[in-house]
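For clarity, every value in this text was computed on a predicted model and none was experimentally measured. Below, read A as the first sequence line, B as the second, and so on, with proteins coming before strands; counting in each chain starts at 1. Only this structure's heavy atoms are used, side chains among them; waters, hydrogens and symmetry mates stay out.
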2 protein chains.
Amino acid sequence: MPHISQRSQSVPLSPFRKLIPLADRARATGKHIYHLNIGQPDIPTHPTAVAKFRQLPWEILDYSPSNGIDSYREALREYYARFEVTLSADEIMITTGGSEAILFFLLSCLDPGDEIIVPEPFYANYNGFAHMAGIRVVPITCDIERGFRLPAPEEFAQKITPRTKAIVITNPNNPTGACYSRVALDGLAAIVREHDLFFCADEVYREFSYDSPLQSILQLPGLDQHAVVIDSVSKRYSATGARVGALICRNASVRESVDRYAKLRLSPPGLGQRLSELMLQDDGAYLQGVKDDYTLRRDTVYRRLQAMPGVFSYKPGGAFYCFARFPVADSEDFCRWLLEEFDHHGATVMLSPGPGFYATPGLGQDECRIAYVLNVDDLERAMDCLQAALLLYPGRTASVATADLGSHLAQ
Amino acid sequence: MPHISQRSQSVPLSPFRKLIPLADRARATGKHIYHLNIGQPDIPTHPTAVAKFRQLPWEILDYSPSNGIDSYREALREYYARFEVTLSADEIMITTGGSEAILFFLLSCLDPGDEIIVPEPFYANYNGFAHMAGIRVVPITCDIERGFRLPAPEEFAQKITPRTKAIVITNPNNPTGACYSRVALDGLAAIVREHDLFFCADEVYREFSYDSPLQSILQLPGLDQHAVVIDSVSKRYSATGARVGALICRNASVRESVDRYAKLRLSPPGLGQRLSELMLQDDGAYLQGVKDDYTLRRDTVYRRLQAMPGVFSYKPGGAFYCFARFPVADSEDFCRWLLEEFDHHGATVMLSPGPGFYATPGLGQDECRIAYVLNVDDLERAMDCLQAALLLYPGRTASVATADLGSHLAQ
C-alpha cells in the first residue's frame, strides 16, 4: 500500500477541530449547542442582491478571467474609492476566497524558509498556508491586558532576520477583534520601508469597525511597493460560501507573480463573483444594518463577560470576535468539558480554545475565542450557559462563592 | 522595494499564454478569431438545472462542509454507481475545480522531490501544480503515429526510481483525445501494485468517450489503496466557471490527508455545488445531446484535417481535443503567424502550440492542439482558415503544389 506524504501529516489543524466529534455526539443526545466557535454568521446574505442574482441572465457559466470578472473588479475599484483608496481595476485580483489570496501572497512574495512576522494570537489557518508554502511564522505576542494592541515597532524590528520577507496583520483582528490605530500602522510602515519588507494586511473584516473608521494600509503613503491587502466578501455580506476574495496590490511585480498562480487554477468561482458584484452595487443600507447588529452583539458579549467572576476581557473594536481570559487552567479541557459533561437547560456553548491561535507554545491556555455570530437572544442564552459552566467546571482556578453558584444555577 | 519570490518566477505558463496579447491585437483590428486554443465550450450550461437553480430556496450562503455538501456527495455516489463503481459518499471529496483536486493529491501523496510519471503530451497545468508542490514530472512519450496510445507497462517500469510515488494519466486525454483500453489500464495497475505507487487518473472528460464506454480506474480490481480519481463538472455540463471538482479515493489515509488541506481553505464554492447537484439530477438527455454534438465536431475536425496536405492526425476517441502534426518546423511561430499575419475572409484561428504539452525539450515542435469547442459551422470555417493558412505559411515544410494552393484559396 503506497504511503501518504510526510508533509500532509504535519498540516496544522483548526483550533477546534478536535472538538467537532464531541459536538456531534452532544448534538446526538439532543443537547443544543450555541456555536460561538466559528465565523459563520446567522445573518441572511444580502437579500436584494440574492433576488437580483436569481434573475441574472446567463446561458454559459464560463471561465472568468483568471484575475476575475472585469466589471466586478471595476466595481471594487469604486468601492475602495469610497475610503479614499485610489486603485486601478488591474490592481485588484479576484481570488477563491481570502484563503487563496493569502496562499498566493506567500507563494508570490516568499521562498521556502523565508519568514513572516505575525502578531499573535492570529487566524490559525495562516499556519496552514505557511506550511503549504514552506514559510516560517515568527510570532510577536500581543497582550490581552492591553486589548491585544500591536506591540511597539521596535519589538517588530527585533524579530527581523535576513529571512524576514513580510509583516502580516489582520485588521480588524481575528481572533481578538482589535482594530489598529493609524499611529500603530504608521510605525509598522516605517519598519517595512526601512527593512524592505512586504506589509500584508488581511482586511476582510474592514466593514466591522465599531468605534472609528478602519485604517487600511492602502491609505498609508509610501507603501505602494510594500502593501498587499487580502479581502473577501465572506463576512461582509454574510456569504462565506461564495468563496470570493481579492488580493490588492500596487506593486506590478507582485501582481505578475500572483497572476502566474491564478492562471494555473484557471478562474475564481463564476457564480460567486456575479453575486458579489450585485452585493457591491447596493450595500449601504445592508452593511449599516449588519454593523448595527454586530455592535449590539459585541456590547452584549462584553457586558456579559464583564459580569462573570474571574473572566477578563476588553471591548473589541471590530470583526465579530472577542478573545477572553477564563478562570481555567486548560481552555482545551474546558471546551471539551462544555460539550461532553455540561448542560444548562439542555444547552451548551462551543468555543475555540486559545492555544491554537498562538505560535508560541504554552500561550492561550486560559483563553478562548468567542465568535458573536448569533443573534442577541441566542447570545444571551449562550452567555447564560457560559456563566453557569464557569461556576461548575471542576478545573476552574478562581474561587467562586457558593452563594454565587446557587444564584446563577437558579437562573 | 521588496523582491518577489524566486519560485514564482519559474511557475510554468500555459502553452498559449504568449499568444494572448497577439490575439487581443488581432481582435482590435477587427479580425475574427476562431478560438480552438482553450477548453471553453460554446454549449449552454445544463439549462434545466440552471432554471431550477434560480428557484432554489436559500437565505444564507454559508460555508459548506470542507469536503462538500452531503447531499451532493450522495448524488455523486449514485452517479458513479451507474458505471458500476461502488463508492461510499465519504470516498468522494468535493474540491474547487479539478485543479484543486490535482494539487491536493500531489500535496497529500507526495513529498518535495518525489516524482510522478506522466504520459506526454499532457495537460500543461500539471507542470504548474507539480511546481507548487515541489514535485518532479517524469514524462513518458506517447507517439502520434500510434494515436497517442499508452506506452507498454515495461516502459513505465523503466522510469520508476526510488522517488517515484505515482503514475498520473488523463483519460480521456487532454490534449490528445486518446481513450485508454482496459488492457492498457490493467498493465499500469499491475505496475502500481508491484511498485506500491499511487495511480491517479484525471477523468474529467469521462462522459466524452465516443467509440466505447470509458474504463475508469475505479472499475479495476485490487486498486482500492492506489487509485485516486480527479473529476470535475466543468466540461461535463459546460460549467467551467462553477469551479466544482472532486477527488475520489477509497484509501482512508489519503482522504485524511486531503481533508487537512481541504479544511484549510474552509469550503468549496457553495453556489457551484448547488448548481452541480441539480445538473446531476437530470443529466441523461443533456449529456447524450452534448455527446452527440461533440461526436459530430470530432468527425468534422478529423475529416477536415485528413484532407489537408501534409497534416497528420488520427481519430481521437474522447474529450474534445485533437493533437495534430502540421507541415511546419515551429508550431509556436505558426500559431503566432496565424494571429499576426494571416487572415482568411477577415478571420483566423487560434491553436495551442505543441511544445507546451511536452516535458521533454524539443518535442511537439510540429504539433498543435485543436480544441473542438465550437459548433460545426464555426468549426468548418475555422478549418477553412487553417487549410488556407497552411498553403500560405512561409515556414511550411511540406511542398504543396501551386494548383492546390490556388484551388484552396478559391474556396
Side-chain angles (χ1 to χ4, degrees), chain A residues 1-2 4-9 11 13-14 17 40 42-45 54-55 59-64 96-97 99-100 107-112 114 125 128-129 132 165-166 196-198 225-226 238-243 251 253-254 257 260-261 263-272 275, chain B residues 1-2 4-9 11 13-14 17 40 42-45 54-55 59-64 96-97 99-100 107-112 114 125 128-129 132 165-166 196-198 225-226 238-243 251 253-254 257 260-261 263-272 275:
Chain A
M1 166 170 153
I4 55 169
S5 62
Q6 289 292 321
R7 64 172 147 200
S8 64
Q9 296 172 61
V11 176
L13 300 178
S14 136
R17 191 184 185 197
Q40 175 53 59
D42 66 350
I43 291 174
T45 306
R54 294 180 189 283
Q55 304 301 323
E59 199 177 26
I60 302 180
L61 180 55
D62 54 357
Y63 291 119
S64 77
T96 306
S99 298
E100 191 183 63
L107 292 170
S108 300
C109 295
L110 289 88
D111 280 304
D114 283 347
N125 280 349
F129 296 117
M132 281 178 82
K165 288 296 294 288
D196 233 6
L197 307 178
F198 289 107
Q225 303 306 310
H226 305 263
S238 205
T240 55
R243 310 315 299 134
N251 180 321
S253 302
V254 171
S257 287
R260 288 167 176 253
Y261 293 104
K263 284 208 159 58
L264 263 188
R265 56 74 165 126
L266 307 171
S267 75
L271 293 169
L275 175 62
Chain B
M1 166 169 150
I4 55 169
S5 63
Q6 289 293 320
R7 64 172 146 200
S8 63
Q9 296 172 60
V11 175
L13 300 178
S14 136
R17 192 183 184 197
Q40 176 53 58
D42 66 349
I43 291 173
T45 305
R54 293 180 190 281
Q55 303 302 323
E59 198 178 29
I60 302 179
L61 181 55
D62 53 357
Y63 291 121
S64 76
T96 307
S99 297
E100 190 182 65
L107 292 170
S108 300
C109 295
L110 289 88
D111 280 303
D114 284 348
N125 280 350
F129 296 117
M132 281 178 81
K165 287 296 294 287
D196 233 5
L197 307 178
F198 289 107
Q225 302 306 311
H226 305 263
S238 205
T240 55
R243 310 316 297 136
N251 180 323
S253 302
V254 172
S257 287
R260 287 167 177 254
Y261 293 104
K263 283 205 160 59
L264 263 188
R265 58 72 167 127
L266 307 171
S267 76
L271 293 169
L275 175 62

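- Of the two parts of A/Arg54, the backbone and the side chain both hold a non-hydrogen atom closer than 4.5 Å to a non-hydrogen atom of chain B.
- Taking A/Gln9, A/Gln225, A/Met1 one by one and counting their heavy-atom pairs under 4.5 Å with chain B, the maximum is reached by A/Met1.
- For chain B, the nearby part of A/Leu275 is the side chain; its heavy atoms alone come within less than 4.5 Å.
- For chain B, the nearby parts of A/Ser5 are the backbone and the side chain; heavy atoms of each come within less than 4.5 Å.
- When heavy atoms are compared at a cutoff of 4.5 Å, A/Gln55 approaches chain B solely by way of its backbone atoms N, CA, C and O.
- Contact of B/Leu197 with chain A is made through the backbone alone, with heavy-atom distances under 4.5 Å.
- The contact between A/Asn251 and chain B is made entirely by side chain atoms (from C-beta outward), counting heavy-atom distances below 4.5 Å.
- Closest heavy-atom contact between B/Ile4 and A/Ser257: CD1-OG, 3.1 Å.
- Residue A/Ser64: no heavy atom, backbone or side chain, is found under 4.5 Å from chain B.
- Residue contact with chain B, scored on non-hydrogen atoms closer than 4.5 Å, involves the backbone of A/Pro268 exclusively.
- Only the side chain of B/Thr96 comes within contact range of chain A, with at least one heavy atom under 4.5 Å from a heavy atom of that chain.
- Closest approach of A/Asp111 and B/Arg7 over heavy atoms only: OD1-N, 2.9 Å.
- Both the backbone and the side chain of B/Ser253 come within contact range of chain A, each with at least one heavy atom under 4.5 Å from a heavy atom of that chain.
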